Amino acid sequence: MTVAVAGSGAFGTAMAAALARKGPVILWSRSADQVADIQANRCNSARLPGIDLPEGLSATADFAALRTAEVILLAVPMQQLRHLLTQHGDLLMDRRLVACCKGIELNTGLGPVAVIAETLPAATAALLTGPSFAAEIARGLPTALTLACADADAGEMLQQQLSTPSLRLYRTTDTTGAELGGALKNVIAIACGAVIGAGLGNSARAALMTRGYAEMLRMAAALGARPDTLAGLSGFGDLTLTCTSEQSRNYRLGLSIGRGDDFDPSITVEGAATARAVAASAQARGIDMPITKSVVALLDKKQTLTELVSQLLTRSLKEE
Ligand SMILES: NC(=O)C1=CN([C@@H]2O[C@H](COP(=O)(O)OP(=O)(O)OC[C@H]3O[C@@H](n4cnc5c(N)ncnc54)[C@H](OP(=O)(O)O)[C@@H]3O)[C@@H](O)[C@H]2O)C=CC1
Ligand SMILES: O=C(CO)COP(=O)(O)O
């Protein structure tokens, strides 16, 4: 079976490397320079430096090469997913597509599976999500992820096809829950980075993680997701990883805000757009998400971290 990965960023390259250890993988990049680098040096120096890529991985800048693939992973940032699907709709329209994005589309409030379903209704839409840093997956370190697909049979097949001896996939049919877990944890990670960066302590971070998780559950319930999905790898699992590791770009953005440092705007930080999309959706639905709202105010420089923390602490007292 041939697997293809569309998008040669850190995660796409890492998944291509992991899967190429068990069969042929085609990695598509929009950058001819990156393809040349990968083919000549067996390394994606721009996005995943220091990782040797296995021989089973071949890179191409020609999207038509993906025609032979039985499964196609879509590994671009969330706000780029619709563009990729539209641009290459002729080839992708009836395929098995596995989004790897963690985010909510800013203009529509939709997650990746919903965007695929809306754009290419004849395709099988799935999501691969859960706690995983690209460099660790690429090195073959032990990792467990969630494969979400509303079609239970297709999900089981994808679970088999994409699991490896070091990559253990659990499956669910709750695509909404898996989408929300992966997207919302990034917003909470920005908040956690900010309090740690500002020296407010580990207790403050634990409070944000726990009350952030309560926000995730509230939104999940409103959208019909199952609470046990949020308690799994795609929710609680990824929240834990992302809020506690400097390998996370979302967490590092928060750290830089808390410290008052600059942050390179070219780095992919999914939680920034997602915070705005989720805050708007929460307001429209009347869902209380004060941490998410605070992250938006922080990113938009509408309020300082000191003001926001004080506001969160002095809200009316309530039952847990
Ligand atoms: N990095 C990680 O550890 C993990 C990432 N993810 C998720 O994977 C997704 C991708 O992140 P990641 O790979 O890290 O991001 P990167 O910033 O490393 O790479 C993004 C890639 O997407 C490409 N790209 C952007 N827009 C388009 C487009 N319209 N058409 C084709 N290619 C495009 C970029 O190309 P170019 O280089 O030309 O700009 C780049 O190769 C995110 O949603 C992220 O949350 C999930 C788990 C772990
Ligand atoms: O999703 C991730 C870990 O599971 C990667 O997190 P960042 O996008 O914050 O780097």
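Everything quoted here is computed from the prediction, not taken from an experiment.
A donor-acceptor pair is defined here as one N or O able to donate and one able to accept, closer than 3.5 Å; such a pair exists between the side chain of Asn250 and the backbone of Gly271. Under a 3.5 Å cut-off, the side chain of Glu136 and the backbone N or O of Leu141 do not form any donor-acceptor pair. Not one N or O on the side chain of Thr175 forms a donor-acceptor pair closer than 3.5 Å with the backbone of Cys149. A donor-acceptor pair is defined here as one N or O able to donate and one able to accept, closer than 3.5 Å; no such pair exists between the side chain of Gln159 and the backbone of Ala154. A donor-acceptor contact shorter than 3.5 Å links the side chain of Glu270 to the backbone of Met78. Checking side-chain atoms of Glu179 against main-chain N and O of Val113 turns up a donor-acceptor pair under 3.5 Å. Side-chain atoms of Ser203 do not come within 3.5 Å of backbone N or O of Gly201 as any donor-acceptor pair. In this structure, the side chain of Asn41 does not engage the main chain of Cys43 through any donor-acceptor pair within 3.5 Å. For the pair Ser310 (side chain) and Thr306 (backbone), a donor-acceptor distance under 3.5 Å is absent. For Arg21 (side chain) and Thr164 (main-chain N/O), no donor-acceptor pair under 3.5 Å exists by modelled atom type.
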Passes side chain to side chain contact (heavy atoms under 4.5 Å, CB included), Leu74 versus Cys100? Steps please.
CA-CA 6 Å; Leu74 307 172; Cys100 301; over 6 Å; no
Take Lys185 and Ile188 through the side chain to side chain contact (heavy atoms under 4.5 Å, CB included) test and state the conclusion after the steps.
CA-CA 5 Å; Lys185 62 88 188 175; Ile188 308 305; 5.6 Å; no
Show, in sequence, the C-alpha distance, side-chain angles and deciding distance for Asp37 and Arg42, and conclude whether the salt bridge (Lys or Arg N to Asp or Glu O under 4.0 Å) test is met.
CA-CA 7 Å; Asp37 181 30; Arg42 306 309 303 164; over 6 Å; no
Given side chain to side chain contact (heavy atoms under 4.5 Å, CB included), test Asn186 with Thr274 step by step and report yes or no.
CA-CA 8 Å; Asn186 282 333; Thr274 292; 5.8 Å; no
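When side chains are defined from C-beta on, Glu70 does not count as touching Val3, because their heavy atoms never get closer than 4.5 Å. Within the 4.5 Å cutoff, side-chain heavy atoms of Leu106 are placed close to those of Arg276. For the pair Ser163 and Arg168, the minimum side-chain heavy-atom distance is 4.5 Å or more. Between Leu128 and Leu169, the closest side-chain pair of non-hydrogen atoms falls below 4.5 Å. Residues Asp62 and Trp28 are not in side-chain contact: their nearest non-hydrogen atoms beyond the backbone lie 4.5 Å or more apart. A 4.5 Å side-chain heavy-atom check between Gln311 and Gln303 finds at least one atom pair inside the cut-off. Between Leu127 and Val98, the closest side-chain pair of non-hydrogen atoms is not below 4.5 Å. Residues Ile38 and Val35 form no side-chain contact, since every pair of their non-hydrogen atoms from C-beta on lies 4.5 Å or further apart.
More than 12 heavy atoms of other residues, nucleotides or ligands shown are found within 6.0 angstrom of CZ on Phe63. Within a 6.0 Å radius of CE in Met93, no more than 12 heavy atoms belonging to other residues, nucleotides or ligands are found.
Residue pairs meeting the side-chain hydrogen bond (donor to acceptor under 3.5 Å, both in side chains) criterion with at least one partner in residues 10-20, sequence neighbours excluded, are Thr13-Asn44. Residue pairs satisfying the side-chain hydrogen bond (donor to acceptor under 3.5 Å, both in side chains) criterion with at least one member in residues 106-127, sequence neighbours excluded, are listed as follows: Arg82-Glu118, Glu105-Thr108.
Taking Phe133 as the reference, nothing meets the ring pair (Phe, Tyr, Trp, His ring centres under 6.0 Å) condition, with sequence neighbours excluded. Judged as a side-chain hydrogen bond (donor to acceptor under 3.5 Å, both in side chains), and not counting sequence neighbours, Glu156 has no contacts.
Heavy-atom minimum distance, Leu305 versus Ala198: CD2-CB, 3.4 Å.
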Determine all donor-acceptor pairs shorter than 3.5 Å in which one atom belongs to a side chain in residues 230-240; sequence neighbours excluded.
from	atom 1	to	atom 2	distance (Å)
Asp238	OD1	Thr242	OG1	3.2
Asp238	OD2	Lys102	NZ	2.7
Thr240	OG1	Phe236	O	2.7

Under 3.5 Å donor-acceptor pairs involving side-chain atoms of residues 251-265, not counting sequence neighbours:
from	atom 1	to	atom 2	distance (Å)
Tyr251	OH	Arg205	NH1	3.0
Arg252	NH1	Glu246	O	2.9
Arg252	NH1	Gln247	O	3.2
Ser256	OG	Leu253	O	2.7
Asp264	OD1	Ser266	N	2.8
Asp264	OD1	Ser266	OG	2.8
Asp264	OD2	Ser266	OG	3.2

